[in-house]
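Here is the structure we will look at, set down as structure tokens.
Residues: numbered from 1 along the sequence shown.
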Amino acid sequence: MSDKKQVQLDWDNLGFGYIDLPYRYRAYYKDGQWHPGQLETNSQITISEGSTSLHYGQQAFEGLKAYRCKDGSINLFRPEENAKRMQKSADRLLMPQVPTEMFVDALKQVVKANEAYLPPYGTGCSLYLRPYLIGIGDNVGVHPAEEYLFSVFATPVGNYFKGGLTPTNFLVSDYDRAAHRGTGQAKVGGNYAASLLPGHLAKQQGFSDCIYLDPIEHRKLEEVGAANFFGITKDNCFVTPKSDSILPSITKYSLLYLAKERLGLDVKQGDIYIDQLDNFAEAGACGTAAVISPIGGFQIGDHFHTFYSETEVGPITTKLYNELLGIQFGDIPAPEGWIVKVD
Ligand SMILES: *Cc1c(COP(=O)(O)O)cnc(C)c1O
């Protein structure tokens, strides 16, 4: 079905934008069950104006990437973890779970059908995959929908760091994105709606994004915009925050494993107090989109805290970056079960 001939895009200047590719996957849930999904060519969807996803935020999404390897094969990075996370998000918002097998099959179908747009090995670019699950159907009251759409689309995305890794700065926000017993652990649009204003205010002041503190006391570090935080202490411990209101990043769990098993560091999930950042030699943000983004410093009120450097990247951050990308692009052996081939 797919025309496999490689489409040439401006790989060096490909950002993180939407490109309307030939195929996307869609499956509908109706009468209490999922009906067989299929690839479709039209990027537009038509849904009821009463859809719960439009009014009450009954929707969840995922994000992961497909990577072209040196030998021409295609890697998906831990896609079953995305399936499980979307199932948890679905539970939180009373939506039907998308079975793991159906989820991974949809990803593979979309990658294969759009293979011509999968960036070549060596460009540093990859094919971003966006699964989403939304409540649809005629409705107006506040209750879960009876019908749902699960879809996956793809778009080629650029190398975040064209000229190599570069640190950026962040502004500590007075706003919260999520509450402890709210939806912070679910990958749902509502958390993002809440993050638009604080993110905008930070960017307006020249920062990459904002930092969220814990919603109860505003003393502990939680998230770095839409990415998880990690720090490397001066005695070589990889630390990430533990909290009920942060999104469990698959990249973060992967780094916890790699830091320990491959780099031989101590690792810890725990509290990170915003007034105790001097313990850290290096800091970064991690996620599928952010990959590993070194953090130069934080603006905390009138005070600017510099981590490793505002211009240079620390040695451990660099090692973690090389290890993670090496695994994703198939250059370094992956831990058991991390890579799923698309064939
Ligand atoms: C998706 C997401 C992340 C990163 O998760 P990955 O699984 O590593 O891509 C981090 N924070 C938020 C708020 C997110 O939505």
Side-chain angles (χ1 to χ4, degrees), residues 6 9 11-12 14-16 62-86 100 103-104 106-108 110-112 114-115 117-131 152-166 187 224 226-228 230 238 240 247-263 265 267 284-294 313 316-343:
Q6 179 72 54
L9 299 174
W11 307 117
D12 284 343
L14 200 61
F16 196 85
E62 276 301 325
L64 70 162
K65 288 170 174 171
Y67 306 84
R68 175 74 80 185
C69 304
K70 206 173 193 169
D71 65 4
S73 65
I74 306 170
N75 280 355
L76 292 176
F77 183 70
R78 311 189 75 179
E80 286 110 347
E81 296 301 318
N82 294 90
K84 283 188 222 157
R85 189 169 63 192
M86 188 177 243
T100 302
F103 184 96
V104 176
L107 298 174
K108 289 182 178 175
V110 170
V111 173
K112 263 191 268 182
N114 297 296
E115 195 176 338
Y117 290 84
L118 181 71
Y121 174 83
T123 56
C125 302
S126 51
L127 190 68
Y128 183 75
L129 297 163
R130 169 54 60 89
V152 180
F153 68 81
T155 191
V157 293
N159 183 355
Y160 225 66
F161 302 103
K162 270 179 281 174
L165 287 172
T166 340
K187 204 168 177 78
V224 186
N228 277 190
F230 69 88
F238 177 99
T240 68
L247 197 281
S249 155
I250 296 161
T251 314
K252 190 258 303 284
Y253 287 116
S254 305
L255 293 179
L256 276 164
Y257 178 90
L258 296 174
K260 183 160 187 275
E261 301 298 328
R262 301 259 172 115
L263 270 60
L265 306 180
V267 298
C286 64
T288 297
V291 191
I292 290 180
S293 304
V313 185
I316 293 177
T317 305
T318 306
K319 276 190 202 160
L320 285 169
Y321 180 85
N322 291 337
E323 190 71 28
L324 180 69
L325 268 84
I327 289 169
Q328 291 171 332
F329 281 104
D331 295 328
I332 297 178
E336 182 76 31
W338 281 21
I339 296 296
V340 171
K341 289 281 180 195
V342 178
D343 37 37

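- The shortest non-hydrogen separation linking Pro79 to Leu107 is CB-CD1, 3.7 Å.
- Counting heavy atoms from C-beta on, the side chains of Val291 and Thr251 never come closer than 4.5 Å.
- A donor-acceptor contact shorter than 3.5 Å links the side chain of Asn82 to the backbone of Gly63.
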Q: Show your working on ring-ring contact (aromatic ring centres under 6.0 Å, His included) between Tyr67 and Phe77 and close with a plain yes or no.
A: CA-CA 8 Å; Tyr67 306 84; Phe77 183 70; 7.0 Å; no

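- Under the 3.5 Å distance criterion, the side-chain polar atoms of Asn75 are matched with a main-chain donor or acceptor of Gln328.
- The CG atom of Leu320 sits 7.0 Å away from the CG atom of Leu265 when rounded to the nearest 0.5 Å.
- Between the CG atom of Leu255 and the CG atom of Asn228 there is a distance of 9.5 Å, given to the nearest 0.5 Å.
- Judged by distance alone, with hydrogens and angles left aside, the side-chain atoms of Arg85 form no donor-acceptor pair with the main-chain N or O of Glu62 at under 3.5 Å.
- In terms of heavy atoms, Ala289 sits closest to Lys65 at O-NZ, 4.3 Å.
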Q: Quick one: do Ile250 and Thr288 satisfy side chain to side chain contact (heavy atoms under 4.5 Å, CB included)? Show the steps, please.
A: CA-CA 8 Å; Ile250 296 161; Thr288 297; over 6 Å; no

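- With hydrogens and angles disregarded, no donor-acceptor distance shorter than 3.5 Å links the side chain of Glu81 to the backbone of Ser249.
- With contacts defined as side-chain heavy-atom distances shorter than 4.5 Å, the pair Asn114/Leu118 does not qualify.
- Not one N or O on the side chain of Asp343 forms a donor-acceptor pair closer than 3.5 Å with the backbone of Ser73.
- The nearest pair of heavy atoms linking Leu9 to Pro156 is CD1-CG, 3.8 Å.
- Pro131 places a side-chain heavy atom less than 4.5 Å from the side chain of Leu64.
- Contact of the Ile316 side chain with the Leu263 side chain is registered, since non-hydrogen atoms from C-beta on lie closer than 4.5 Å.
- Under the 4.5 Å side-chain criterion, counting only non-hydrogen atoms from C-beta, Glu323 is in contact with Ile327.
- To the nearest 0.5 angstrom, Leu165 atom CG is 8.0 Å from Thr317 atom OG1.
- Atom NZ of Lys341 has more than 12 neighbouring heavy atoms from other residues, nucleotides or ligands inside a 6.0 Å radius.
- Here the OG1-CG distance, from Thr155 to Leu14, works out to 7.5 Å after rounding to the nearest 0.5 Å.
- At a threshold of 4.0 Å, the pair Arg68-Glu115 counts as salt-bridged, since one of the basic side-chain nitrogens sits closer than that to a carboxylate oxygen.
- A ring-ring contact (aromatic ring centres under 6.0 Å, His included) with Phe230 is found for one member of Phe238, Tyr321, Tyr253 and no other, namely Phe238.
- Atoms CD1 and NZ, on Ile74 and Lys108 in that order, are 11.0 Å from each other to the nearest 0.5 Å.
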For residues 330-339, run the donor-acceptor check on the side chains, cut-off 3.5 Å, and write out each pair with its distance to 0.1 Å, sequence neighbours left out.
unit_1 : atom_1 : unit_2 : atom_2 : d
Asp331 : OD1    : Tyr121 : OH     : 3.0
Asp331 : OD2    : Tyr121 : OH     : 3.0

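- The two residues Thr100 and Glu80 make their nearest non-hydrogen contact at CG2-CG, 3.7 Å.
- Pairing each heavy atom of Pro119 with each of Cys125, the nearest pair is CB-CB, 3.4 Å.
- Annotation: the span from Arg262 atom CZ to Asn322 atom CG amounts to 13.0 Å, rounded to 0.5 Å.
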